[in-house]
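See structure below.
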Protein chains: 2
Amino acid sequence: MKRVTIRDVSEKAGVSTAAVSYVLNGREGKVSSETVAKVRKAVEELNYIPDFSARSLANNKSKLIGVVIPQTEERKQLLLQNPFYSELVCGIEARLRQSGYHMILSGVEKGEGYLDTSMQRNLDGAIITGIYQESFYEDLKKVRMPIVLIDSYINDSYFDSVGIDDELGGYMATKHLIDNGHTNIALVTGLIRKDGVVEKRFLGYKRALKEAGLFYNPDYVFEHSVTYEYGREAGKLIASKQMEITAAFATSDLMAMGVMQGVRDEGREVPTHISVIGFDDISVARISTPPLTTIRQDAVAKGIMAAERLLSAIGHTEAYRSFEPLVMPLELIDRRSVLRIGGSAE
Amino acid sequence: MKRVTIRDVSEKAGVSTAAVSYVLNGREGKVSSETVAKVRKAVEELNYIPDFSARSLANNKSKLIGVVIPQTEERKQLLLQNPFYSELVCGIEARLRQSGYHMILSGVEKGEGYLDTSMQRNLDGAIITGIYQESFYEDLKKVRMPIVLIDSYINDSYFDSVGIDDELGGYMATKHLIDNGHTNIALVTGLIRKDGVVEKRFLGYKRALKEAGLFYNPDYVFEHSVTYEYGREAGKLIASKQMEITAAFATSDLMAMGVMQGVRDEGREVPTHISVIGFDDISVARISTPPLTTIRQDAVAKGIMAAERLLSAIGHTEAYRSFEPLVMPLELIDRRSVLRIGGSAE
DNA sequence: TTGTATGCGTTATCAT
DNA sequence: ATGATAACGCATACAA
């Protein structure tokens with residue numbers, strides 16, 4: 001299929017390429033309505049489709065957004081297995097497409113930069129989730145394109161960001177357990193990295209403890225990787241050891257599901273023997289046995305808002321730095337995995 | 001950050017732009033090793049990054065692959081909620097990136113073409129999953145780029161394809177139930193569309209029935225949408241009605257999970273009262289209660305193979321039509337959701 | 001082996 | 001209002 005160029009259109013319509021370019025880009029005010037009609041007709045008949053590569057070369061706009069999500073360390077595959085990221089991506093893509101943008105979805109080798117990609121592709125902007133080493137963000141800044149960080153506590157006014165109040169979330173979860181009479185509460189979590197979301201949730205956990213006059217016991221924190229498998233392992237430990245633990249706060253639903261299974265592996269029941277509360281409210285949380293009590297955040301909405309912000313930043317050149325970080329709401333979803341114990345009042 | 005061009009590099013190195021282009025594109029044979037060294041040095045020092053837009057304009061190669069997956073009808077969001085697609089995408093992206101390609105992931109409005117996108121972006125190829133109207137495929141062919149279809153029974157030698165033997169899968173699942181003494185077997189499925197995968201699974205279901213001398217009873221097929229919700233509804237019907245149904249084959253795990261819940265909603269148990277077998281082996285199948293017996297396919301591998309085939313097709317210009325459709329293996333994973341009933345042998 | 005010049009499709013500048 | 005024409009950055013055919 002031979003490519004139809006803007007020149008073909010201009011010839012067919014009997015006008016200049018500039019005129020065609022004008023009507024194609026909505027600057028119809030600069031051209032007579034008669035010319036507009038002729039051009040539209042020619043475009044239609046020739047089935048003209050503009051070449052974004054050429055366009056990008058001419059004006060440095062690609063209508064392309066880079067979306068980065070974390071990947072598994074071993075197999076270098078996207079972390080889409082975690083439904084949380086899937087939903088995020090769904091939201092982003094839908095919103096972007098609605099405005100005529102496309103999304104390049106990729107992971108990034110750890111330690112490697114994203115500068116190459118952004119420059120090669122003339123990206124109009126990027127949405128970054130996950131947490132990377134500092135040099136990664138420095139690179140990003142050099143490119144001078146709008147960037148939205150999701151779930152990042154990088155404190156740099158260059159970046160716009162959307163997230164949740166993770167500290168509050170951790171507090172809410174732990175408080176809920178405490179309100180139900182639990183005093184020996186485990187924390188099951190992925191690696192607690194500086195400025196990461198789990199660190200904040202961890203902080204919230206400690207705050208709730210302290211507020212209730214409970215001691216923080218380091219032996220009660222099970223920290224490893226954000227996987228079902230590790231959650232299960234932790235669950236086994238919690239259920240088997242001669243510990244007084246009666247409840248666990250898992251910093252992600254994926255892990256919470258594992259914890260519940262681990263508890264069962266040891267012949268004990270959730271919530272009869274061990275109560276469990278998760279974080280995220282991924283779709284399986286609703287359908288697990290028992291249905292998981294959790295802190296809900298709306299991942300799809302998060303993705304949509306991130307895209308929204310990015311698009312608006314792309315529109316308003318250089319004025320985009322003025323954004324306040326966007327903090328999305330949280331909600332406690334009380335299902336069946338937490339048991340009220342003791343005789344404590346509400 | 002001012003863009004460093006090939007001209008900057010050539011000047012710094014004291015050679016021509018052609019020389020730079022040669023060493024950058026691996027045609028080092030055309031140039032003295034001394035020049036190569038000078039160029040490499042200059043590239044390094046200037047931190048030169050080629051512009052893919054320009055490259056694309058000059059030689060019609062974009063290093064960009066279009067990946068299309070189905071989307072929800074109502075909200076126009078990607079079907080990534082279904083873990084099956086997530087895994088597919090993971091595999092595709094990982095393999096593509098490994099070869100220096102990027103992926104534009106998108107859904108496509110129903111009825112709308114993909115021709116625009118492919119031409120605008122100068123895509124080097126595309127991977128399509130899902131089933132679309134004929135005109136969609138016709139458009140695709142016009143662009144004359146390599147295309148791999150996943151899970152499609154479009155019979156057109158232009159397209160390469162990777163999939164599984166869905167008929168066999170349906171047969172295996174149904175046969176397994178029959179082998180366990182079941183004779184009244186329901187089918188719970190999404191819309192049975194011509195040339196779609198579920199149609200084939202449906203055919204396999206009927207073949208197993210016929211082979212066992214069982215009658216095909218249209219009242220036993222529950223056909224609607226591929227969702228947990230509908231599965232649940234069907235499960236309720238199956239468990240409540242005064243039917244003789246003792247087992248159900250759900251054409252996707254997502255639905256199978258729903259069926260199990262629906263059965264429970266009616267106060268009955270899986271597999272005690274109703275046996276359930278699914279399809280796909282998504283990750284939650286392993287951790288459901290009870291763990292789901294299912295027909296396993298490896299979605300990640302499917303994605304990797306699709307990407308692999310596409311890349312190879314891109315390499316061998318126009319010779320790519322010679323491919324045989326790739327059929328990936330299937331495996332019955334026997335867990336705990338199917339009960340052996342009656343006194344049948346084997 | 002190396003350099004020059006042209007084309008790729010579009011936008012934007014500048015005359016007309 | 002409209003139409004030439006020069007970038008944009010790279011690859012490559014061709015000349016040296």
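All values below come from the heavy atoms of this structure, side chains included, with hydrogens, waters and symmetry mates left out. Quantities reported herein were computed from a predicted structural model and do not represent experimental measurements. In what follows, every chain begins at residue 1, and chains take the letters A, B, ... in the order their sequences are listed.
With rounding to whole Å, B:L24 atom CG is found 9 Å from D:dC10 atom P. Regarding B:D51, its CG atom lies at a distance of 16 Å from the P atom of C:dG9, rounded to whole Å. Atom CZ in A:R121 sits roughly 15 Å away from atom C1' in D:dC10 (whole-Å rounding). Rounded to whole Å, atom P of D:dG3 lies 11 Å from atom OH of A:Y22. Rounded to whole angstrom, the span from the CG atom of A:N122 across to the P atom of C:dT10 amounts to 16 Å. When rounded to the nearest whole Å, the span between CG of B:N60 and P of D:dA11 equals 13 Å. Put simply, CG on B:L57 is 13 Å from C1' on C:dT6, counting in whole angstrom units. The NZ atom of B:K63 sits 12 Å away from the P atom of D:dA11 (whole-angstrom rounding).
Between B:E28 and B:R40 a salt bridge is recorded (basic side-chain N to carboxylate O distance below 4.0 Å). Salt bridge A:K41/A:E45: present, at least one basic N to carboxylate O contact under 4.0 Å.
Here the NZ-CZ distance, from A:K141 to A:F136, works out to 13.5 Å after rounding to the nearest 0.5 Å. For the atom pair CZ (A:R121) and CD1 (B:I49), the distance works out to 13.0 Å, reported to the nearest 0.5 Å.
The closest side-chain donor-acceptor pair between A:S53 and B:S56 falls under 3.5 angstrom. B:S86 and A:S86 share a side-chain donor-acceptor pair at under 3.5 Å. Side-chain atoms of B:Q77 and A:R95 include no donor-acceptor pair closer than 3.5 Å. Side-chain contact of A:H102 with A:R97: a donor-acceptor pair under 3.5 Å is absent, judged by distance alone.
Residue A:E134 places its CD atom among 12 or fewer non-hydrogen atoms of other residues, nucleotides or ligands, all under 6.0 Å distant. Applying the 6.0 Å contact sphere to CD of A:E34 captures no more than 12 heavy atoms from other residues, nucleotides or ligands.
Within residues 6-21 of chain A, the residues approached by DNA chain C to less than 4.0 Å at the level of any non-hydrogen atom are A:I6, A:A18, A:S21, in residue-number order. Scanning residues 31-39 of chain A for heavy-atom distances under 4.0 Å to DNA chain C yields an empty list.
Note on B:Y48: only backbone sugar-phosphate atoms sit closer than 4.0 angstrom, heavy atoms only; bases stay farther off.
When distances run from any side-chain atom of A:N59 to the nucleotides D:dA11, C:dG9, C:dT11, the shortest one goes to C:dT11.
Rounded to 10 degrees, the angle separating the terminal helix axes of the helix from C:dT1-D:dA16 to C:dT16-D:dA1, each built from five base pairs, is 40°.
Within the 3.5 Å criterion, the main-chain N or O of A:Y22 finds no donor-acceptor partner in the side chain of A:N25.
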